[in-house]
Protein chains: 2
Amino acid sequence: MSKKAVTREAILQQAVALASSNGIAALTIGELASASGMSKSGLFAHFGSKEALQLAVVEAAQAQFVAETLQPVLSLPRGLARLTALFDGWVGRLAGGRYPGGCPLLAACYEFDDQPGVGRDALIAGQARLRDTLQRMLQDAADNGELPPGSDPALLAFMLFGLVQSAHHDRQLLGRSDGEQMARRGFALLLAQGRV
Amino acid sequence: MSKKAVTREAILQQAVALASSNGIAALTIGELASASGMSKSGLFAHFGSKEALQLAVVEAAQAQFVAETLQPVLSLPRGLARLTALFDGWVGRLAGGRYPGGCPLLAACYEFDDQPGVGRDALIAGQARLRDTLQRMLQDAADNGELPPGSDPALLAFMLFGLVQSAHHDRQLLGRSDGEQMARRGFALLLAQGRV
DNA sequence: TGCAAAATAGCACGATCGTTCTTTTTTGAA
DNA sequence: TTCAAAAAAGAACGATCGTGCTATTTTGCA
């Protein structure tokens, strides 16, 4: 791998970590440069513009999620097993100290929602795809007869996404550490065969 | 009312509107001044510091929510009726064009979650109180026998909050207009006496 | 090992940030 | 109507923003 690619990767690791704390919008080239031990202009040359940097950060954060949370569960059998593992990993990720400042992608959703550009486009595409993935897993579980009869995969995907957001909200803003457990209980409630 | 108070109120109206689009953190004194038809220094004198301005914006947005969404339902009888009206108003508020750029308070939750200060403190207090209010309404409904037996008000409050966030996410980022309906269906699913 | 090319640093630019002055305009009561 | 007080404007500050430019260092192949 060329030195350029190695350095770029190291920069993006730093960038995602900083974006976790302060948000992608607040991520400054000067701040990122000093955090990476580089000069402003040296770092800037890797991206060419702030917008390109933001896009790279979004893509890096998405790649981390896919590699660390989505990819590992694909070895499990389709249906409830795979779905449960994804949800567990997803919620556990929020509490696991991976991003002490909160999930950079969830934060980006609020920063970018009124700021058109390539970063926003990439974020939307990734979020929509994640939702589709979730919905497909729910459909697989329903096809296996592992969900209550009459379950609506689209509605359940919507609600599971809400559980994740609520858990994140509780932990990052309110400082409540039981959000993770609440989300798991909500998951069980929504997918339980019998009434809980 | 003194002229100062009138002007300050007008400034804060503008500020909340701008914060809806760009976020409170990105709210600039110069931008707010020109949007309000004032000079930077003239506006600045009303608050004394950026931090005080942010606090005032958070409090103004919270006051708007209480006055427009929470207060009106307090005339309804305690229990499921009041709870349903609050949730309806809350979700409808997201879609109603009141804040085209999204809910400024939800956005603030992500901006402030790692930025200590009086603005963050006020936001946390308001969010925690809203959650308590929601939970108390659920408890009232449970006491009335209007919820499925064994329902956990704390868990349901957590999940209803998630529905609101998911609806906001769908509308503001993904551009899906059916998030409002999804949230209502989720509400019905969670609170239904019989299994849906 | 030499050397073009790639990567990084240094410096400066216009713009805008939050903030502090002083000066001007506007207000409201005597 | 007068006039002190309140409110707003104007100008400037140091700092930092994103982004160009040129110079210097470092890399990887001949």
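Naming convention: chains lettered A, B, ... in sequence-line order (proteins, then strands); numbering from 1 in each chain.
- Taking 4.0 Å as the cut-off between side-chain N and carboxylate O, A:Asp140 and A:Arg82 do not count as a salt-bridged pair.
- Between the P atom of C:dG18 and the NZ atom of B:Lys50 lies a distance of 4 Å, rounded to the nearest Å.
- Per the geometry, CD belonging to B:Glu9 stands 15 Å off P belonging to D:dA7, to the nearest Å.
- OP1 or OP2 of C:dG18 has not a single side-chain nitrogen or oxygen of B:Ser49 nearer than 4.0 Å.
- In this structure, A:Leu27 places its CG atom 15 Å from C1' of D:dT16, rounding to the nearest Å.
- Computed from coordinates, the A:Ile29 CD1 to D:dA15 P distance equals 21 Å when rounded to whole Å.
- Separating the CD atom of B:Glu51 from the P atom of C:dT19 is a distance of 9 Å, rounded to the nearest angstrom.
- Atom C1' of nucleotide C:dA7 and atom NE2 of A:His46 are separated by 7 Å, given to the nearest angstrom.
- The B:Phe44 side chain lies nearest to C:dT20 when the options are C:dT20, C:dA9, D:dT19.
- Residue B:Phe47 contributes atom CZ, which lies 13 Å from atom P of D:dA7 at whole-angstrom precision.
- With a 6.0 Å cutoff to the six-membered ring centre and a 45° limit on the axis angle, B:Arg93 does not count as a cation-pi contact of B:Tyr99.
- Because its NZ or CZ atom is both nearer than 6.0 Å to the ring centre of A:Phe161 and within 45° of the ring axis, A:Arg131 counts as a cation-pi partner of that residue.
- Taking 3.5 Å as the limit, the base of D:dA9 and the side chain of B:Ser41 contain a donor-acceptor pair of atoms between them.
- Residue B:Ala45 is classed as having no contact, given no heavy-atom separation below 4.0 Å to the nucleic acid.
- Each of B:Lys3 and B:Glu31 was assigned the nucleotide of DNA chain C with the nearest heavy atom; the assignment lying further toward the 5' end belongs to B:Glu31.
- Interface remark: the B:Lys40 side chain does form a donor-acceptor pair with the C:dG18 base, using a distance-only criterion of under 3.5 Å.
- Minimum interatomic distance between A:Pro148 and A:Ala192 (heavy atoms only, all atoms of both residues): CG-O, 2.8 Å.
- OP1 or OP2 of C:dA7 has at least one side-chain nitrogen or oxygen of A:Lys4 nearer than 4.0 Å.
- The CG-P distance, from B:Leu43 to C:dT19, rounds to 12 Å in whole Å.
- Within 6.0 Å of the CZ atom in A:Arg78, the count of heavy atoms belonging to other residues, nucleotides or ligands does not exceed 12.
- Nucleic acid contact for B:Ser2: none, since no nucleic acid atom lies under 4.0 Å from a heavy atom of the residue.
- Residue B:Met38 has its side chain nearest to D:dA9 when only D:dT19, C:dT8, D:dA9 are considered.
- For A:Thr28, taking side-chain heavy atoms from C-beta onward, the closest of the listed nucleotides D:dA9, C:dT8, D:dG18 is D:dG18.
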